[in-house]
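What follows is a single structure, written as structure tokens, with notes after it.
Both backbone and side-chain heavy atoms feed into the values below; hydrogens, waters and symmetry mates do not. Computed from a predicted model, the values in this text were never measured in an experiment.
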Amino acid sequence: MTRVAAIDCGTNSIRLLIADIDRGSGPTKLTDIVREMRVVRLGQGVDATGELAPEALERTFAAAADYAEMIREYRAEKVRFVATSATRDARNRQVFVDGIRGLLGVEPEVISGDEEAALSFAGASSVLPMSGADRVLVVDLGGGSTEFVLGDQNGVIAAKSVDIGCVRLTERHLTSDPPTAEQIAAAEADVDAAIAEAGLDVPLERSTAVVGVAGSVTTITAHALKLPEYLPAAIHGAELSIGTIEDAASDLLGMTRAQRAELPYMHPGRVDVIGAGALVWRRILTRMRGLTAGEVITATASEHDILDGIALSVS
């Protein structure tokens with residue numbers, strides 16, 4: 001048994017998992033000790049400026065300092081820190097790397113989209129029962145990028161990371177409150193182009209099931225389920241019809257930010273960007289239903305994702 005700490009630093013949030021990892025005779029098992037999430041919006045303005053904003057770095061470093069204290073408190077033996085889309089895109093990412101190294105004493109890894117996709121699949125598939133015939137498409141809908149990963153019980157078949165995400169599309173297109181029809185159409189055009197790009201590398205039509213991970217997907221699921229609060233146990237494994245998810249996503253997209261803020265399961269850090277996340281998830285599922293000739297008619301939400309994959313990858 002080894003206690004590990006995994007940190008996933010994305011465009012919108014930075015998350016920590018401290019877990020005991022058991023690599024005994026059976027399948028590798030993670031036992032959660034701590035799961036934490038802070039919305040720091042590291043990717044603020046990166047799509048437009050190409051740089052990490054000083055105030056975004058300050059927010060992220062403050063959260064990382066708190067995480068460093070928790071890692072010491074719970075005596076994690078090994079730590080892996082992974083940074084994704086916003087940091088990949090930033091010219092000044094060395095400032096971020098140096099700051100994290102100073103706070104945590106580990107080298108933050110700015111990973112490629114392909115590795116991000118593989119880690120997302122590893123995390124999601126670690127808790128998914130799969131038979132030999134299953135070909136599962138895991139969609140990791142982030143703040144700056146979205147990963148499409150097709151895999152089976154033997155691992156990843158094909159993967160592609162594309163530059164669409166809830167923060168990126170909010171800043172690029174959905175600037176009104178609520179967004180206008182013209183803004184929605186422009187954002188959908190970007191999503192359609194990204195799906196087509198992903199389809200060049202990933203045979204999406206071969207999917208027999210779709211699993212969505214990350215905060216946008218789980219929040220849309222909470223909305224579809226009309227939960228009284230954010231309940232991970234109710235969200236994880238929830239399999240809903242594509243029509244139900246489309247209705248929930250359309251509802252969120254059409255709301256004002258004030259209306260979203262009143263929802264009992266809405267994290268304050270997602271209020272302004274969940275509309276774009278809903279648009280992306282709705283568009284992907286609509287296209288998947290067409291690409292698979294109606295074979296994919298439901299989608300499943302998972303609370304286990306790249307964070308679990310990072311923890312499982314710690315050697």
Side-chain angles (χ1 to χ4, degrees), residues 1-40 42 57-88 93-128 138 140 142 147 149 151 154-156 159 213-215 218 232-233 236 302-315:
M1 192 81 72
T2 305
R3 181 159 294 183
V4 303
I7 299 174
D8 165 38
C9 187
T11 300
N12 196 44
S13 64
I14 181 169
R15 299 181 300 151
L16 167 70
L17 170 60
I18 300 174
D20 288 333
I21 185 165
D22 184 357
R23 302 187 191 275
S25 55
T28 300
K29 181 182 178 183
L30 283 177
T31 302
D32 287 14
I33 306 300
V34 173
R35 277 187 190 261
E36 284 280 330
M37 189 268 286
R38 310 277 176 88
V39 173
V40 295
L42 178 61
L57 285 166
E58 184 177 343
R59 292 191 298 266
T60 305
F61 291 157
D66 289 344
Y67 288 177
E69 182 59 35
M70 296 173 73
I71 290 167
R72 287 191 292 269
E73 178 185 351
Y74 287 96
R75 301 182 179 180
E77 300 165 49
K78 298 180 178 181
V79 181
R80 187 179 185 193
F81 187 113
V82 163
T84 54
S85 177
T87 318
R88 278 198 301 269
R93 66 183 186 183
Q94 194 60 46
V95 177
F96 167 81
V97 170
D98 292 343
I100 294 297
R101 188 195 304 113
L103 288 166
L104 287 161
V106 296
E107 190 74 12
E109 302 172 50
V110 183
I111 61 172
S112 68
D114 286 346
E115 186 172 0
E116 183 177 358
L119 288 170
S120 295
F121 185 83
S125 63
S126 68
V127 294
L128 290 176
V138 173
D140 184 348
E147 284 65 52
V149 198
N154 297 314
V156 175
V213 303
T218 58
H236 180 67
S302 176
E303 287 279 347
H304 297 270
D305 51 27
I306 188 174
L307 190 59
D308 301 71
I310 296 166
L312 288 165
S313 73
V314 176
S315 57

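Within the 4.5 Å cutoff, the side chain of Leu307 has heavy atoms near those of the Arg35 side chain. Leu42 is listed as a side-chain neighbour of Thr87, based on a closest heavy-atom distance under 4.5 Å.
To the nearest 0.5 Å, the span separating CD on Glu73 from CD1 on Ile18 amounts to 8.0 Å. Rounded to the nearest 0.5 angstrom, Ile306 CD1 and Glu115 CD are separated by 8.5 Å. Separation of atoms CD (Glu77) and CE (Met1) is listed at 11.0 Å; rounding is to 0.5 Å.
Partners of Gln94 by side chain to side chain contact (heavy atoms under 4.5 Å, CB included), not counting sequence neighbours, listed by chain and number: Val97, Asp98, Arg101. In terms of the side chain to side chain contact (heavy atoms under 4.5 Å, CB included) criterion, residue partners of Thr11 (sequence neighbours excluded) are, by chain and number, Ser85, Ala86, Val167. Here Val82 pairs with Arg80, Thr84, Ile111, Ile310 under the side chain to side chain contact (heavy atoms under 4.5 Å, CB included) rule; sequence neighbours left out.
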message: Run the side chain to side chain contact (heavy atoms under 4.5 Å, CB included) test on Ser13 and Arg38 for me, step by step, so that the C-alpha distance in whole Å, both residues' side-chain angles and the decisive distance to 0.1 Å come before the verdict.
response: CA-CA 6 Å; Ser13 64; Arg38 310 277 176 88; over 6 Å; no

message: Checking Ile7 against Ile71 for the side chain to side chain contact (heavy atoms under 4.5 Å, CB included) test, could you report, in this order, the C-alpha distance in whole Å, the side-chain angles of both residues, the deciding distance, and whether it holds?
response: CA-CA 10 Å; Ile7 299 174; Ile71 290 167; 4.1 Å; yes

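Ion pair Asp8/Arg15 flagged as a salt bridge, since at least one NZ, NE, NH1 or NH2 atom sits closer than 4.0 Å to an Asp/Glu carboxylate oxygen.
Residue Glu58 places its CD atom among 12 or fewer non-hydrogen atoms of other residues, nucleotides or ligands, all under 6.0 Å distant.
Taking the six-membered ring where the residue is Trp, Phe61 and Phe96 present parallel rings, their angle staying beneath 30° rather than reaching 60°.
The main-chain N or O of Tyr74 is found under 3.5 Å from a side-chain atom of Arg3 such that the two form a donor-acceptor pair.
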